[in-house]
J.: 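Could you have a look at this structure, given as structure tokens, before my questions?
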Amino acid sequence: MRLLLPLLLVLPALAARQPVRAREAMVVSREAHATDAGLAVLKSGGNAVDAAVAVGFALAVTHPSAGNLGGGGFLLARFADGRATFLDFRERAPRAATRGMYLDSAGRPTRDSRAGYRAAGVPGTVRGLELAHRKYGRKAWSGLLAPAVALARDGFPVTFALARSLRGHCAVFDEFPDSKRIFLKDGLYWSPGDTLVQADLARTLERIQRDGSKDFYEGETARLLTADMQTNGGLITLEDLKDYAVVEREPLAGAYRGFGILTAPPPSSGGIGLLQMLGVLEGTGYEKPGAGSAAALHMLAEAMRRYFADRSEHLGDPDFARIPVSGLLSKSYIEALRRSIDPERATPSLQVRPGRFAPAESSETTHYTIADREGNVVAVTYTLNGGFGAGVTAAGLGFLLNNEMDDFTVKPGEPNMYGVVQGEFNAIQPRKHPLSSMTPTIVLRDGRFYLALGSPGGPTIINTVLQVLVNVLDFRMNVREAVEWPRIHHQWLPDTLQMEKGFSPDTVALLRARGHRVRTVESQGEVAAILSDGGWLQGAADSRTEGTARGY
Ligand code: DON
């Protein structure tokens with residue numbers, strides 16, 4: 001005892017916020033049952049992709065506001081052998097979609113892009129998870145769906161946050177009979193601790209467990225879904241479903257301060273934004289005044305403002321428009337952006353225009369991150385778009401439909417659900433992917449996995465990922481601190497600097513004095529991150545919500 005005591009005294013104190021640490025493998029997701037389902041797969045010899053499939057289906061049951069069968073998303077994977085891939089299972093516009101489909105006779109946007117049957121794009125999740133499994137998984141498919149089936153069939157306890165979010169969406173559920181029956185407990189509110197059983201969803205999942213995506217896109221589920229669409233004026237047909245294909249893309253690759261970065265290519269606007277903003281910041285010394293200082297926040301906000309101006313014009317589905325990726329990320333353009341920033345004054349957004357590029361050389365959501373013992377890492381962001389998507393539960397099928405069509409440019413210059421203004425490249429066209437902001441990202445150090453992360457939050461996603469990343473790389477925070485730290489968001493238009501609660505009033509005043517119009521918000525994003533360092537995995541789930549990080 002006499003020997004130990006002095007030793008203990010010299011150990012540095014642990015910072016107040018600690019990540020969850022594990023040696024072998026880790027799952028970080030928004031909901032505990034889903035996290036456990038993934039962890040069980042990893043413990044029984046499955047790899048990170050197997051676990052991602054199990055978590056994806058489990059979240060479709062336990063986190064119905066965003067976890068889904070009726071939505072879409074992106075899966076970024078980096079394997080121990082250095083290969084990397086990006087599966088784009090984003091929704092697509094139905095064949096019958098038209099450019100002006102959400103405008104009334106006076107040319108005004110209607111509510112149809114946000115709620116009801118017509119808001120839904122052709123879902124991609126089931127085919128996306130199946131392709132991930134077929135190409136990169138190793139465990140039996142049916143076992144990976146087993147936890148989801150059990151959670152739907154036997155039920156699970158409603159948490160405080162779930163009860164609250166279900167209540168918050170009662171008005172839209174009330175419009176659609178199956179949503180009302182299931183998510184409104186037949187017209188009553190669910191309370192924390194109640195057991196939520198989803199029998200229809202359990203049957204749908206059992207069919208997918210047995211027949212794979214064939215059931216969803218061509219079988220019984222497809223038949224029931226399209227019949228329901230037809231009865232209710234929806235556009236999705238059997239042909240649309242049959243036709244849905246996942247696109248495997250090269251991850252967008254870049255570098256920052258010697259770290260490698262793998263991130264989301266178009267149809268996400270996230271990766272390009274992340275790399276452009278990091279490029280603008282690199283070498284400026286913006287971090288020197290310290291995390292949370294008005295000077296550093298100002299530089300971040302100015303980089304954000306400039307990227308979102310570009311986003312409004314140059315981003316869309318790469319299968320339909322030529323995205324000037326290399327122009328947006330070119331050294332000279334990034335330098336010009338950097339030079340245009342006044343370190344002391346906010347540039348009014350109306351003075352910031354999207355860049356001009358030569359014709360190009362030849363976008364409630366949830367994120368989860370998984371690392372396995374072999375060194376493979378998977379980052380998945382998938383979504384119904386708004387919380388509970390279009391609010392519609394497909395009749396007899398138990399799953400909610402997305403309202404991803406609202407991510408298209410409904411009308412140029414008109415803000416969408418997230419207030420972003422978008423352009424021609426993102427106009428509605430049959431079979432096109434709406435532009436996304438989802439930004440699953442993996443950072444490499446010396447060619448090895450260092451940090452993987454992502455978040456929901458519409459356009460704020462890009463800026464959330466940026467800030468967690470610089471919190472680790474520039475401000476030297478541990479991953480948990482980096483995730484917990486308050487965040488800001490600027491998206492060019494409206495010309496407003498959104499700041500989470502938690503910044504000092506003095507800092508806010510300094511930013512106002514620089515010319516920023518500040519708006520305070522309760523919360524921005526829900527990050528799920530894993531960092532690998534010194535033989536340890538460090539997981540951080542966002543305490544803004546009920547996320548969980550567990551490993552072994
Ligand atoms: O793909 C996108 O950018 C949006 N549909 C994401 C929506 C979202 O993150 C909502 N979450 N809070």
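Remember, it's 1-based here, ligands and their atoms both numbered in the order they're listed.
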J.: If you count heavy atoms of other groups shown closer than 6.0 angstrom to CD of E239, is the number above 12?
T.: no

J.: Any ion pair linking K180 and E175 (charged N to carboxylate O, less than 4.0 Å)?
T.: no

J.: T383 versus ligand 1: do any nitrogen or oxygen atoms come within less than 3.5 Å of each other?
T.: no

J.: At a non-hydrogen distance cut-off of under 4.0 Å, which region of D407 contacts ligand 1 (side chain, backbone, both, or neither)?
T.: side chain

J.: Identify whether the distance between the nearest side-chain nitrogen and carboxylate oxygen of D243 and R95 falls below 4.0 Å.
T.: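 Looking at D243 and R95, the cut-off is met.
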
J.: Any salt bridge between E522 and R544, counting N to O under 4.0 Å?
T.: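 Here E522 does not pair with R544 in a salt bridge, since their nearest N and O are not under 4.0 Å apart.
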
J.: Below 4.0 angstrom, N of the basic side chain to O of the carboxylate: do D406 and R111 qualify?
T.: no

J.: At under 4.0 Å between heavy atoms, which part of L435 makes contact with ligand 1: side chain, backbone, both or neither?
T.: neither

J.: Can you list the atoms of ligand 1 that are under 4.0 Å from a heavy atom of Y418?
T.: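 Numbered from 1, ligand 1 contributes 7 (C), 8 (C), 10 (C).
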
J.: Need the ligand 1 atom indices (1-based, order shown) with element for anything under 4.0 Å from a heavy-atom of I461.
T.: 9 (O)

J.: Could a heavy atom of R90 be found less than 4.0 Å from some atom of ligand 1?
T.: yes

